[in-house]
Amino acid sequence: MLLQQLINGFTLGFIYALIALGYTMVYGIVRLINFAHGDMLMLGAYTGFFVLNAFGATPSTLILALFVSMFVCAIIGVAIERAFYKPLRNAPRINILIVAIGASLLIENGSRILPFMGPNPRQYPQLEATSTITEVMGQRVVLSKQDVIVVVVSLIMMASLGYVVKFTKIGKAMRSVSQDTRAASLMGINVNRIISFTFAIGSAMAAVAGVLFASKYPQVQPYMGILPGLKAFVAAVLGGIGSIPGAMIGGIILGITEILSKAYISSKLADAVVFGILVLILMVRPTGIMGKSLKEKV
Amino acid sequence: MSIILHAEKISIEFGGLKAVTDFSLSLNDGELVGLIGPNGAGKTTVFNMLTGVYLPTSGNISLSGKSLLKKSPHQINHYGIARTFQNIRLFKEMTVLENVMISMHAKVNYGFVSALLHLPAYKAEEKKMRKEALDLLKIFHIDGKQDELSKNLPYGEQRKLEIVRALATHPKVLLLDEPAAGMNPQETQALMKLIRFVRDEFKLTILLIEHDMSLVMGICERILVLDYGLTIASGSAADVRKNPLVIKAYLGEEVEFGA
Amino acid sequence: MLTKVRSFPLLLVLTVLIIGVIAVFIRIGVINDYAAQILSFAGINVIIALGLNLITGFTGQLALGHAGFMAIGAYAAAVSVMQFNMPIFVGVIIGGIVTSVFGLVIGFPTLRLKGDYLAIVTLAFGEIIRVILVNMDALTGGAAGLKGVPYFVSKETIEKNPNAILWVPVLSFIFITLSVVIVLALVHNLLNSSYGRAIISVREDEVASGSMGVGTFRYKMIAFIISAFIAGVGGGLYAFLFNYLNPTDFNFIRSVDFLIIVVFGGMGSLTGTIVAGYLLTYLQEALRFLQDYRLVIYPLLLIIMMIFRPGGILGSREFSPTRLIHLKSFKKALQRETAAEREETK
């Protein structure tokens, strides 16, 4: 029983990690909590929904769905950044936060009134269910195809991101912009382009998370991104906001905690537990597990 | 001469980069000391450590024997250190007068209830604070613009307002960060007189950062020179200007500096 | 920046007059009960929005869970009257006090930090509190809601004199509108004092504020706790106005409603909040058929306001009633103000 829960927690945790990465990268580069980020999960899931409905649900169409949703959400993410956040780059922080809330609500409620997305939940097309039932250490464990896909795809995404950030020129540019924007621009880096790129990558990762999330919990509705988004933010803070490995660690810990809370405490109070974690981290170690403290220049 | 502000080998690191290394300073009561050095030498970082904005990674700071380490900026201000900022940090949407009156908040003489109900204690104290604020503004000749939003002031007056605001906290030690930035020679001369006057009148000890050498050489009794976070020279104005290390730091090469 | 009320006696007379006239109209039926309830409801929205403006507009800390505070105040007030037989007025105050305790508990770990954590924490809190309220069904009636919350006129009075029930809309209106005036006066006084300056300085520049001796954490806490108290009071008034409480009423949309009022009226403008509060509450009722689209229009408005007119519809200047009386010069003043603002944004 416990092992099964751990597996569930891990897979959920990977999904949270993917979303948390987007939060943490955007926060690292423009110091903004992008409230609309959770909704990228929803948009990604819906894109996957349309692709899989059009082409049927097979492993290859799933890959197609992943790429299409990444592409669509990257574009939408950049569009939001350019239209709503960029004009407020030099405004008081509270103004841009309010716009972020507005953007999030706009996406959610806008999707709700669009006829082809609509207020009602839709059933998400699933791959043919094949799961392996194995016995590990005397406990019966169900390992579904979905779980394997989630883990594999997440690992690929996280590894790719790590590679880009650490070894490519654009990754280096991202790191320098998040450390000192003015210095980076003086070094000839096109800060605007880097910021947009960060939003694009973050949104793409959330899109993948959306497709994976919907394959595991096969229902899409306009507000599906809110709770996972909030929880992923908690994960990002837990791991240390601004830290990429932190987001991954935080996501996994949070996923496991949530599943275990649902199993052993109460399904209803699981969300309260997550909130409690947030308050706990802020009290005890606000810089999170990886402890990256982002200083303000005085 | 008693030592009022003492920094003992304070250093600070930012992610592996040591911005300031083993900076030591002993300010005597009533002194007017200058802190100079090329851009990026770490001068403002020293100020930030002295005022509690940054926590030094090693070393000690004390004011009249009381340790300032790990105290928050507002506590350090209550102990008696006030400062101005290199990039002006006025309260933009508040008036000139309000900017000054905020500095008096720590010692305000009426409580919450008086504030909520605008009781006589409130009215009397507000009147007192306004008068004191205006008197301070008069010294710096910006009293006419008291109800102007501080963001609407011309640059030079904004810098002066920063000094008034710091003074209004009744400090013992005043840290001025490039007070003459953007001023022409006449304004700088006037400022020099004002700084000396303020030091004498309010019995202050002043430490200032400046790039304008006429001001530094003109009023500083002692000068410390920083370069890449290290103290490379310290002494009187005459000593420092002849010091080859100082010349090298500013000009990048050894040059005979005509005295 | 914060204009003091220029002529207090005039304002007082004006306010009492207006309230009196409206009250009479309600009692004699010129204003029907439904409209009276809207006016009262608008007053409640204004009160809570004033609290939100204090922490968000004046202290610069975005708070997104005021519906949650409102809920706590509502249930606490209802329970104290229904279970503990407190008088209505005391119930409202208790609602405020209980809510401010929650404000203290949430604010303490959150406001110590540099960063925008208050927004997320209050948002999450607003969601969680509903879950908790539903689960406390013995006290709160759970998901079915809490019925039979008393009116502003006590049950005994109605039992003794059945006609008393005709007075309910008037008395509700008077009670609530007086509360608006009191809250406005107290907040205005606070902001025009040294404590108010300290609070505003935290918004303007936290680093400079601390360096000038203001305990920034302390003042963020003070503003947040007062804001929570005010929201709790609003919640209590809400309970006695509508006599029925359901946790689903206090959702995130409602928190956004308050934010819209603050943004529209101008963050940092008290009179703006009042005007926007009454106006938007009226519009919500009048444009009920746009209910579904409101969910899209409001966020769009937020975005547009923040990008193009962050000072609110009136700009971040207070609205002076004395200017309104001299209509000609009011028009000129308005022209001058928009010209000045155009200068500023150049």
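Side chains are part of it too, since the values below use all heavy atoms of this structure and drop only hydrogens, waters and symmetry mates. Naming convention: chains lettered A, B, ... in sequence-line order (proteins, then strands); numbering from 1 in each chain. Note that the structure is predicted; figures quoted are calculated from it, not measured.
Side chain of C:Glu204 to main chain of B:Glu93: a donor-acceptor pair is present (N/O by atom type, distance under 3.5 Å, no hydrogens or angles). Listed for the B:Asn77 side chain is a donor-acceptor partner under 3.5 Å among the backbone atoms of C:Ser211.
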Which is it for C:Tyr195 and B:Leu116 under the side-chain contact (heavy atoms from CB on, under 4.5 Å) test, yes or no, and what are the steps along the way?
CA-CA 10 Å; C:Tyr195 297 92; B:Leu116 283 176; over 6 Å; no
Working for side-chain contact (heavy atoms from CB on, under 4.5 Å), residues B:Met104 and C:Ser194
CA-CA 8 Å; B:Met104 304 177 193; C:Ser194 192; over 6 Å; no
Checking B:His118 against C:Asn189 for the side-chain contact (heavy atoms from CB on, under 4.5 Å) test, could you report, in this order, the C-alpha distance in whole Å, the side-chain angles of both residues, the deciding distance, and whether it holds?
CA-CA 7 Å; B:His118 276 12; C:Asn189 283 356; 3.2 Å; yes
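Contacts of C:Ile226 with chain B are made by side-chain atoms alone, with heavy-atom separations under 4.5 Å and no backbone atom involved.
A donor-acceptor contact under 3.5 angstrom links the side chains of B:His105 and C:Tyr219, judged on distance only.
Taking B:Ser103, B:Ser114, B:Gly52 one by one and counting their heavy-atom pairs under 4.5 Å with chain C, the maximum is reached by B:Ser103.
Under the side-chain contact (heavy atoms from CB on, under 4.5 Å) test applied with B:Phe91, the options C:Asp205, C:Val202, C:Ile200 reduce to a single match, C:Asp205.
Other residues, nucleotides and ligands contribute more than 12 heavy atoms inside 6.0 Å of the OH atom of B:Tyr155.
Taking each heavy atom of B:Arg89 and C:Val207 in turn, the nearest pair found is NH1-CB, 3.4 Å. Taking every heavy atom of both residues into account, B:Phe112 and C:Ile222 meet most closely at CZ-CG2, 3.6 Å.
Checked for salt-bridge contact, C:Arg197 and B:Glu126 meet the test: a charged N lies under 4.0 Å from a carboxylate O.
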